[in-house]
Every structure is written in C-alpha cells, then in structure tokens.
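Values below: all heavy atoms of this structure, side chains included; hydrogens, waters and symmetry mates excluded.
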Amino acid sequence: MAGSRGRKDTTSSTTTVDDASTADDLFDSMDERGHFYERPARTTNAKAIPTVEDKHYHGHRERLRLRFRDSGDGALADYEILELLLFRLIPRRDTKPVAKALLDRFGTLSGVFGATPALLQEVKGIGEAVALDLKLISAVAQRTLKSEIRNKTVLASWSSVIQYCHAAMAHEPREQFRILFLDKRNTLIADEVQGHGTVDHTPVYPREVVRRALELSSTAIILVHNHPSGDPTPSRADIDMTKTIVETARPLGITVHDHIIIGKDGHASLKGLRLM
C-alpha cells in the first residue's frame with residue numbers, strides 16, 4: 001500500500017519483565033548455578049538509592065577480598081575465609097553470621113567441609129544448593145590431596161598419605177574401612193573403600209582383603225579406617241584383625257605395611273606403636 005513502505009512495526013514480540021516480583025520469581029526458580037552470580041538490582045522509574053545496609057555489605061565484602069588478595073589467607077581468620085567463600089554462594093546477604101554458625105556447629109573448617117549435606121542444612125542460612133557446593137569444594141580438596149600420592153612411592157610420601165586419609169575419612173559419621181593397594185615399587189594402584197559399618201564397628205573379612213589384592217596384582221597394602229568418636233587409639237579388635245590379615249597375606253607374598261586409624265584430631269599407626 002502507498003505510504004506503508006519503510007514503516008516500522010511498533011509491536012514487539014519479546015516479553016519484558018518489568019515487575020520486580022516477577023523478576024525475583026525467575027531468579028528463585030534458577031538452579032544452583034544462580035548462586036554464582038550477583039542478582040541484578042531491581043529497576044524502577046526512580047533512580048535506585050543504596051541503603052545503609054547495602055553499602056555496609058558491599059564495603060565489607062570488598063575490604064575482605066582486598067585483604068585476601070594483598071596478604072593471602074594468613075591475614076584472615078577461619079570464619080573470614082569461610083565468609084569470603086560464601087560471598088559467591090549466597091549473594092546479597094550478610095554471610096558473617098552464617099560462617100560463624102557453621103564453625104560453632106562443626107568446630108573447624110575441616111569439620112564444616114566434612115559434614116554431610118543434611119547436617120549442613122541444619123545451620124540457618126544453608127540450603128540444599130549451598131550444602132552441595134560446599135561438598136563439591138570438599139571433593140576437589142580430597143582429589144587434590146590424592147593427586148599428591150598418585151604415581152609416587154607412597155612410603156616416601158607418608159605425610160601426604162596421612163593428609164589425604166584424614167581429609168577423606170576423619171569426619172565420616174560411620175566407620176569406614178579403606179585399603180591402599182600398592183605395586184612392587186610401592187606405588188599406588190588403587191584406593192578402595194571395602195566396607196562401611198556402625199559408629200564403632202566395621203566388618204572386615206581378611207580373605208576378601210587378600211583376594212582383592214591378588215586381583216589387582218598388588219604386592220603390598222596399607223589398611224586405613226576411621227574412629228567416628230574422634231579418638232584414634234586402636235582397640236583390641238583392631239589389633240587382632242590386623243594380625244589376622246598380616247598372617248593371611250604373608251604366604252601369598254603380600255606385605256601389610258601399616259594399619260592407620262584416623263580420628264578427628266589425629267591418627268594412630270599400628271606399626272609405629274609396634275602392634276603389628
């Protein structure tokens with residue numbers, strides 16, 4: 001038609017979200033990836049004026065980040081390190097009370113990252129997504145420690161072995177029996193959890209331990225289990241079970257280097273205590 005050429009269609013096919021509550025609903029429906037982004041401020045017709053509370057959070061977060069950047073983690077207390085991490089997991093909220101509540105509940109940073117997701121969610125301010133994020137960070141730390149002993153002579157990296165076992169087992173709520181299988185050069189072949197038990201007992205079958213070592217062509221093993229009570233002192237049952245495994249493995253050319261017991265605050269070596 002005459003006069004219609006070059007005219008723009010003023011009808012837009014896109015839907016805009018200009019209602020503040022609708023925008024919040026969209027962010028609340030996002031999965032846990034939404035926790036890694038700061039939520040945009042609401043847009044209104046009037047210029048947004050930051051509140052005293054917003055200024056306080058922003059300034060505090062920036063100061064903490066700068067302290068970490070310029071001086072490293074040694075300049076921060078444990079709760080501040082945790083608070084700094086929670087900045088990205090819990091945007092637009094004061095995370096200092098949450099960080100302190102986590103440490104009050106679990107005692108140490110190790111205790112926080114070793115806690116189960118269910119227990120983490122008992123702390124006010126920690127939801128399912130944040131609990132899973134904390135467990136993801138814990139898994140990364142454990143794998144980092146495990147990489148320190150992979151493809152290395154384990155007996156020459158003993159402190160790394162202890163650090164890895166402590167990170168993996170110290171805060172388990174039930175007993176866990178783990179075996180490190182080594183080759184003839186004492187290099188790690190496999191790291192396997194052979195069984196879970198109760199708070200004070202794990203069933204261990206010496207023949208199954210030896211059978212698995214033979215399957216992996218392992219010539220040496222290190223036994224590891226945890227004491228959820230926190231006290232790594234070996235029990236009579238621990239000592240007797242170790243001796244049975246040693247006697248079962250020896251005729252087949254398999255050496256038991258040690259049996260390590262992990263507690264929350266330390267570890268015990270049966271070989272070091274001359275109990276095997």
Single-linkage hydrophobic cluster [X]~[Y], side-chain heavy atoms < 4.5 angstrom:
{"X": "Leu216", "Y": "Val154", "value": "no"}
{"X": "Leu188", "Y": "Leu223", "value": "no"}
{"X": "Leu102", "Y": "Leu109", "value": "yes"}
{"X": "Ile221", "Y": "Ile149", "value": "no"}
{"X": "Val256", "Y": "Trp158", "value": "no"}

Does any part of the side chain of [Y], heavy atoms only, come nearer than 4.5 Å to the side chain of [X], both counted from C-beta?
{"X": "Ser110", "Y": "His171", "value": "yes"}
{"X": "Leu86", "Y": "Val130", "value": "yes"}
{"X": "Arg212", "Y": "Ile179", "value": "no"}
{"X": "Leu275", "Y": "Thr242", "value": "no"}
{"X": "Ile261", "Y": "Leu270", "value": "yes"}
{"X": "Leu84", "Y": "Arg65", "value": "yes"}
{"X": "Arg178", "Y": "Gln194", "value": "no"}

Has the side chain of Thr219 got a donor or acceptor atom that lies under 3.5 Å from a matching backbone atom of Ile254?
->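 Flag not set: sc Thr219 to bb Ile254 has no pair under 3.5 Å.
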Thr95 side chain to Val98 backbone, donor-acceptor under 3.5 Å |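 A pair under 3.5 Å: no.
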What's the separation between atom [atom1] in [X] and atom [atom2] in [Y], rounded to the nearest 0.5 Å?
{"X": "Leu89", "Y": "Leu132", "atom1": "CG", "atom2": "CG", "result": "11.0 Å"}
{"X": "Leu134", "Y": "Leu82", "atom1": "CG", "atom2": "CG", "result": "7.0 Å"}
{"X": "Glu122", "Y": "Thr116", "atom1": "CD", "atom2": "OG1", "result": "7.5 Å"}
{"X": "Arg207", "Y": "Thr244", "atom1": "CZ", "atom2": "OG1", "result": "11.5 Å"}
{"X": "Asp238", "Y": "Phe177", "atom1": "CG", "atom2": "CZ", "result": "9.5 Å"}
{"X": "His227", "Y": "His267", "atom1": "NE2", "atom2": "NE2", "result": "13.5 Å"}

In a check of side-chain contact (heavy atoms from CB on, under 4.5 Å) between Leu180 and each of Asp258, Ile260, Ile222, which one passes?
-> Ile222
Is it the case that over 12 heavy atoms from other parts of the model lie below 6.0 angstrom from the [atom1] atom of [X]?
{"X": "Glu192", "atom1": "CD", "result": "yes"}
{"X": "Arg211", "atom1": "CZ", "result": "yes"}
{"X": "Tyr205", "atom1": "OH", "result": "no"}

If I compare all heavy atoms of [X] with all of [Y], which pair ends up nearest, and what's the gap?
{"X": "Ala220", "Y": "Asn186", "result": "CB-OD1, 3.9 Å"}
{"X": "Phe113", "Y": "Ser138", "result": "O-OG, 3.2 Å"}
{"X": "Cys165", "Y": "Ile262", "result": "CB-CD1, 3.9 Å"}
{"X": "Pro206", "Y": "Thr248", "result": "CB-OG1, 4.0 Å"}
{"X": "Leu145", "Y": "Ala167", "result": "CD1-CB, 3.5 Å"}
{"X": "His196", "Y": "Pro203", "result": "O-CD, 4.1 Å"}

May I have all residue pairs that pass side chain to side chain donor-acceptor pair (under 3.5 Å) and include part of residues 66-82, sequence neighbours excluded?
->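 Sorted result for residues 66-82: Arg67-Glu80.
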Run through Lys243, His225, Lys271 and flag the one making a side-chain hydrogen bond (donor to acceptor under 3.5 Å, both in side chains) with His259.
->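 Single side-chain hydrogen bond (donor to acceptor under 3.5 Å, both in side chains) partner of His259 among Lys243, His225, Lys271: His225.
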Who are the salt bridge (charged side-chain N to carboxylate O under 4.0 Å, His left out) partners of Glu172, not counting sequence neighbours?
-> none
Between Arg105 and Leu119, does a side-chain contact (heavy atoms from CB on, under 4.5 Å) hold up when you go through it step by step?
-> CA-CA 9 Å; Arg105 173 67 175 80; Leu119 289 177; 3.5 Å; yes
Quick one: do the Thr233 and Asp231 side chains pair a donor with an acceptor below 3.5 Å?
->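 Per modelled atom types, Thr233 and Asp231 side chains form a pair under 3.5 Å.
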salt_bridge(Lys96, Asp94) N-O dist < 4.0 Å =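 Looking at Lys96 and Asp94, the cut-off is not met.
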